[in-house]
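Single-structure report; data block below.
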Amino acid sequence: MTTTDMPAVSECTVTGCSYNHDGCHAFAITVSGENGHADCATFIPLARKGGLPMAIAKVGACSRADCMHNRDLECTAPGGVRVAPGEGGSATNCMTYARM
């Protein structure tokens with residue numbers, strides 16, 4: 001898989017993330033989590049905005065081996081992934097996560 005093949009972060013509605021300003025501006029995100037949650041591990045809750053100004057964020061790695069879109073710890077979700085505010089103790093969730 002090359003960086004052009006990596007799925008994009010098609011939507012992020014997590015307003016408290018430093019990388020999210022009019023879309024995700026991280027170069028790549030990491031999806032992690034446990035106990036049935038797929039979290040965006042790239043989430044940074046700072047007032048300062050960061051990332052690359054022209055970036056279209058991609059999914060760089062996924063440690064949720066139980067997701068149907070995970071192949072060799074790489075995300076293969078067609079059409080990209082959606083990230084949203086999490087539930088419970090999770091600040092963010094990958095809404096594209098689908099448990100096998």
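The shown structure was predicted, so the numbers you read here are calculated from the model rather than taken from an experiment. Computation of the quantities below employed the complete heavy-atom set of this structure, encompassing side-chain atoms and omitting hydrogens, waters and symmetry-equivalent molecules.
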statement: Excluding Tyr19, membership of its hydrophobic cluster (Ile, Leu, Val, Met, Phe, Trp, Tyr; side-chain heavy atoms within less than 4.5 Å) reads Ile44, Leu46
Hydrophobic cluster (4.5 angstrom, side-chain heavy atoms) - remaining members for Met68: Met100
Pairs touching [range] that satisfy salt bridge (Lys or Arg N to Asp or Glu O under 4.0 Å), sequence neighbours left out:
range: residues 78-100; result: Glu11-Arg82, Asp66-Arg99
range: residues 47-56; result: none
range: residues 18-47; result: none

- prompt: Do His69 and Pro78 touch side chain to side chain, with heavy atoms closer than 4.5 Å?
  reply: yes
query: Do Val31 and Val81 have side-chain heavy atoms sitting under 4.5 Å apart?
result: no
- prompt: Between His21 and Gly50, is there a donor-acceptor pair closer than 3.5 Å when you use the side chain of the first and the backbone of the second?
  reply: yes
What pairs with [X] under side chain to side chain contact (heavy atoms under 4.5 Å, CB included), at least two apart in sequence or on another chain?
X: Leu52; result: Phe27, Ala55
X: Ala84; result: Thr13, Met95
X: Ala41; result: Thr30, Ser32

- request: Determine, using the 4.5 Å side-chain heavy-atom cutoff (strictly less than), whether Val83 and Val59 are members of one ILVMFWY cluster.
  value: yes
Please give me the minimum heavy-atom distance between [X] and [Y], naming the atom from each residue.
X: Met6; Y: Ala28; value: CE-CB, 4.2 Å
X: Cys24; Y: Ile29; value: SG-CG2, 4.0 Å
X: Lys58; Y: Val9; value: O-CG2, 4.1 Å
X: Ala91; Y: Val14; value: O-CG1, 4.4 Å

message: Would you compute the distance between atom NE2 of His25 and atom CD1 of Ile56 and round it to the nearest 0.5 angstrom?
response: 9.5 Å
Ring pair (Phe, Tyr, Trp, His ring centres under 6.0 Å) partners for His37, two or more places apart: none
